[in-house]
Amino acid sequence: MDYDAIVIGGGHAGIEASLALARMGFSTLVITQSLDAIGRLSCNPAVGGLAKGNIVREVDALGGEMGHLIDKSMIQFRILNRRRGPAVQSPRAQADKFTYSRLAKQTLEAQKGLHLFMDTVVDLMENPDHSYAGVVTERGHRITSKVLVLTTGTFMEGRIFIGEYDAQYGRLNEPAAIGLGTNLRRLGFEVGRLKTGTPARVRRSSLDLEAMEKQDADPVPLPFSFSDTEIARPMVPCYITWTNDHVHEIIRQNISRSPLYGGKIVGKGPRYCPSIEDKVVRFPQRDRHQVFIEPEGIGTEEMYLNGLSSSLPEDVQIAFIHQVKGLEHAEIMRPGYAVEYDFLNPRGLYPSLESKRMSGLFVAGQTNGTSGYEEAACQGLIAGINAAQKLKGEPPLVLKRNEAYIGVLIDDLVTMGTNEPYRMFTSRAEYRLLLRHDTADQRLTPKGYRVGLQSGEALERLKRKMEGIDAVKDLLRSRSYEQKNALQALKMPEVEIDQMVSAIPELAAYDESVRYQVELDVKYQGYIDREDREITRFERLEEMAIPADFDYDKVQGLSFESREKLKKVLPVSVGQASRVNGVRMSDIALLILHLQRKEHIHA
C-alpha cells in the first residue's frame with residue numbers, strides 16, 4: 001500500500017477528514033486539484049449561524065480544526081437569536097477568507113504523517129470482493145490505500161451557469177473534476193445532480209454605505225474553540241439593505257434568460273437559500289427581500305451581497321443590483337453564478353459514513369448532498385474518524401440524535417436521503433435544548449478523547465468547567481437573593497445571574513461561560529428533565545439492533561411499502577427504521593415483535 005488513507009478534496013470536509021486520520025496515526029494523502037484552494041470559503045466568507053454554530057463547536061469538542069481556524073481569522077462575531085431562548089441561539093462569525101484559507105493550508109502542511117498532492121482523481125480501483133483498492137488520477141497515477149474519504153464538493157462533473165454562458169467549472173474559472181462521476185455511475189453508485197449558487201462581489205469604495213443600516217459586531221467576541229480563551233482581533237461592521245419593486249420587475253422581465261427557468265439546469269437548488277430570481281418567482285407577494293453586505297476580508301475591497309445569489313446574465317445582474325439602495329453605483333468585480341454538480345445518494349451509506357456498495361470508501365460533505373461549510377466539516381471529521389477506526393479494527397463512532405447536531409444531520413442523510421441541498425436547522429433536532437452550543441464539550445470531548453483526537457488537557461479543562469458549574473450551583477443553594485433562595489430566584493425570567501454578583505460577590509470568581517451555563521441549566525431544568533424522559537424512550541428503540549443480514553421477507557404482516565423501503569435503507573436499529581419515510585408505526589411494532597421472538601429463540 002502507498003498510504004493508509006487517501007482523502008480526495010481539500011475543502012472543509014477534506015481538511016477535517018485528513019487531519020483526523022493523520023492525528024490518529026495513519027499515513028494520509030490529500031489529493032486536490034489546487035493546493036491554493038485548500039479551505040477556500042467559496043460562497044459567503046462566514047462560519048456558524050443558527051444550528052451551524054453549534055456544529056462548529058461540536059467539531060471542536062471532538063478534536064476537529066474548524067473552530068481554531070475561524071477563531072484566528074474572524075473579522076465580525078455575533079450571537080444570533082440572543083433575545084430568544086437558548087435552544088435557538090448560535091454563534092456566527094464573518095471570516096477574512098484569505099487568512100482562513102492560508103491557515104488551513106498551513107495546518108495541513110504542518111501535520112505529521114499528512115501529505116499533499118495536486119492532481120485530479122478520475123476513477124476508483126476495487127478489489128474482486130468489491131472493496132476499495134485505490135484511485136486513478138487524470139495524469140495516470142494509480143495510488144493505493146486501505147481506505148478512502150471522498151469529499152469532492154461542487155467539483156465532480158461541475159458546471160457553472162451565468163445566463164446563456166455555461167462551462168465545466170466547480171467554481172468560477174476553477175476546472176471541474178471530469179470523469180469521476182461517470183465512473184462512479186459505472187461502478188454502480190446512485191449518482192444525482194444538485195445545484196447551488198453565489199451572488200456577485202462588488203467594490204466597497206463604490207458603495208453608499210451611509211444609505212444602509214450598519215450592523216456592528218457583538219462588543220465581546222467569543223471563541224468557537226473551547227481551548228481558545230479570547231479573540232484579540234479587530235472587528236468590522238456589516239451592512240443591511242433591501243431589494244424593491246424595481247429590482248423585482250427587472251428580474252421578472254428577464255426570467256426567461258435564467259438557466260434555472262430556461263431548463264439548462266436540471267439539479268435541484270437549496271430550498272432555504274434560494275437565488276433572488278427564485279425568491280421573486282416563489283414569493284410574488286413580497287415587495288422586498290433583505291440583503292446583507294458583508295466584507296470578504298480585511299485586505300480586499302470585495303464585498304459579498306448575501307441574499308442576491310443569481311445565475312441571470314451579467315447585464316441583468318448589473319441592472320437589478322444598481323436598483324438596490326446603496327448599490328446604485330456598485331462596481332461588480334465578480335458576477336453571481338449557479339453551479340451544478342454530481343452527488344451520491346447518502347442512503348447508500350451506513351451511519352459511519354462508510355459506503356454500503358464499496359467497503360473502505362467513506363463519503364462526506366457536498367458529495368452527500370449537503371450545503372454549507374459546517375455540514376461538510378462535521379461529516380469530514382466523522383468520516384475521517386471512522387476510516388481510522390476501521391484501520392484500527394475498532395467500532396465506528398456513531399453519534400445519536402440526542403448527542404449532537406452532527407448525529408441529527410448524519411441520521412437524516414443516511415435514513416431519508418435528500419433530493420435537494422441539505423441544510424441544518426435547529427428545528428431538525430428533537431432535543432435541541434440539550435444540544436446547545438455551550439454544552440458541546442460536555443457531550444463530545446470524552447468521545448473525542450476515547451478515539452484519540454482529544455488531549456488529556458482538553459479532558460482536564462472540561463473537568464474544571466464541570467467542577468465550576470457544580471460549585472456555582474452549590475453557592476446559589478446556600479445563599480439568598482431578594483429574600484429568596486438564590487437558586488430558586490434564578491429560575492425567574494427577569495433575574496439574570498450577572499445581576500446577582502453584587503449580592504453574591506463570590507460569583508465573580510467564576511468564568512462567564514460557567515455562570516452562563518448555570519443560568520441556562522437552572523432556568524430550563526423542567527424542559528431539560530422532559531427531554532431526558534423522551535430520550536430514555538428514544539434510546540430503547542436505538543439500542544434494538546437489526547442484524548446486517550436481516551430478512552424483511554420473513555416478517556409476517558409487514559406492508560409491501562415498508563418492506564421495500566426498509567430493504568433499500570437497511571437501517572441498523574429499530575429507531576432508525578422508525579424514521580424511514582413511509583414506514584408505518586404498525587410495521588415498526590411488527591418488526592419489534594419479530595426481533596424479540598428471534599432473540600428469544602436464540603436465547
Side-chain angles (χ1 to χ4, degrees), residues 8-9 11-14 33 40-44 52 121 149-162 166-172 174-185 189-199 258-279 281-282 309-311 336-349 353 355 357 362-380 383 409-410 412-425 428 581:
I8 299 175
H12 304 281
Q33 288 185 281
R40 183 163 286 171
L41 298 165
S42 318
C43 201
N44 189 1
K52 292 168 173 277
V121 172
V149 183
L150 183 65
T151 71
T152 52
T154 61
F155 283 81
M156 189 158 62
E157 313 296 337
R159 181 171 289 275
I160 71 161
F161 298 85
I162 309 173
D166 65 89
Q168 288 182 325
Y169 290 129
R171 283 189 288 252
L172 185 61
E174 293 185 40
I178 303 300
L180 183 56
T182 301
N183 282 318
L184 288 173
R185 288 177 173 88
F189 290 90
E190 188 179 341
V191 184
R193 299 285 280 176
L194 290 178
K195 168 257 174 189
T196 188
T198 192
S258 165
L260 188 63
Y261 288 92
K264 291 179 74 174
I265 295 176
V266 298
K268 194 164 185 181
R271 179 193 303 257
Y272 303 104
C273 189
S275 64
I276 185 61
E277 52 263 38
D278 236 2
K279 292 177 189 175
V281 171
R282 286 165 51 188
S309 174
S310 179
S311 60
Y337 60 89
V339 57
E340 189 181 53
Y341 53 94
D342 277 357
F343 82 109
L344 301 183
N345 187 337
R347 286 199 306 187
L349 303 175
L353 295 182
S355 169
R357 161 69 185 78
F362 294 78
V363 188
Q366 284 178 288
T367 319
N368 281 338
T370 57
S371 68
Y373 313 133
E374 305 83 2
E375 290 90 340
C378 74
Q379 290 175 74
L409 182 150
I410 292 175
D412 280 354
L413 290 175
V414 303
T415 303
M416 295 179 283
T418 187
N419 59 4
E420 62 184 48
Y422 177 102
R423 180 180 179 184
M424 178 51 72
F425 292 101
R428 295 192 190 272
N581 282 334

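Side-chain atoms are counted along with the backbone in the values below, which use heavy atoms only and exclude waters and symmetry mates.
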Heavy atoms, side chains only, cut-off 4.5 Å: are [X] and [Y] in contact?
| X | Y | answer |
| --- | --- | --- |
| Ser258 | Ser311 | yes |
| Tyr373 | Lys52 | no |
| Arg428 | Leu409 | no |
| Phe343 | Thr152 | no |
| Leu150 | Leu344 | yes |
| Pro346 | Tyr422 | no |

Option passing side chain to side chain contact (heavy atoms under 4.5 Å, CB included) with Asp342 (candidates Leu180, Thr182, Leu194, Val191):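 Considering Leu180, Thr182, Leu194, Val191, a side chain to side chain contact (heavy atoms under 4.5 Å, CB included) with Asp342 is found only for Val191.
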Set out, in order, the CA-CA distance, both residues' side-chain angles and the distance that settles side chain to side chain contact (heavy atoms under 4.5 Å, CB included) for Ile160 and Leu172, then state yes or no. CA-CA 7 Å; Ile160 71 161; Leu172 185 61; 3.4 Å; yes
Find the distance between [atom1] ([X]) and [atom2] ([Y]) and round it off to the nearest 0.5 Å.
| X | Y | atom1 | atom2 | value |
| --- | --- | --- | --- | --- |
| Asn368 | Glu375 | CG | CD | 12.0 Å |
| Thr367 | Leu353 | OG1 | CG | 11.0 Å |
| Tyr261 | Glu277 | OH | CD | 7.0 Å |
| Arg40 | Glu174 | CZ | CD | 4.5 Å |
| Glu420 | Thr196 | CD | OG1 | 12.0 Å |
| Tyr337 | Ser310 | OH | OG | 13.0 Å |

Compare every heavy atom of [Y] with every heavy atom of [X], then report the nearest pair and how far apart it is.
| X | Y | result |
| --- | --- | --- |
| Phe161 | Pro259 | CB-CG, 3.7 Å |
| Gly181 | Met156 | N-CG, 3.6 Å |
| Lys195 | Pro421 | O-CG, 3.5 Å |
| Pro274 | Lys279 | O-CE, 3.6 Å |
| Gly369 | Thr418 | O-CG2, 3.8 Å |
| Gly158 | Ala176 | O-CB, 3.2 Å |

Residue among Arg159, Arg193, Lys264 satisfying salt bridge (Lys or Arg N to Asp or Glu O under 4.0 Å) with Glu340: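 Result: among Arg159, Arg193, Lys264, Arg193 is the only option passing the salt bridge (Lys or Arg N to Asp or Glu O under 4.0 Å) with Glu340.
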Whether Thr151 side chain and Ile8 backbone form a donor-acceptor pair below 3.5 Å: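 Side chain of Thr151 to backbone of Ile8, a donor-acceptor pair under 3.5 Å: yes, one is there.
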Step by step, would you call Leu41 with His12 a side chain to side chain contact (heavy atoms under 4.5 Å, CB included)? CA-CA 9 Å; Leu41 298 165; His12 304 281; 3.6 Å; yes
Does this structure show an ion pair linking Arg347 with Glu190, if we count only N-O contacts that are shorter than 4.0 Å?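 Salt bridge: no.
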Worked check of side chain to side chain contact (heavy atoms under 4.5 Å, CB included) between Asn345 and Phe189: CA-CA 8 Å; Asn345 187 337; Phe189 290 90; over 6 Å; no
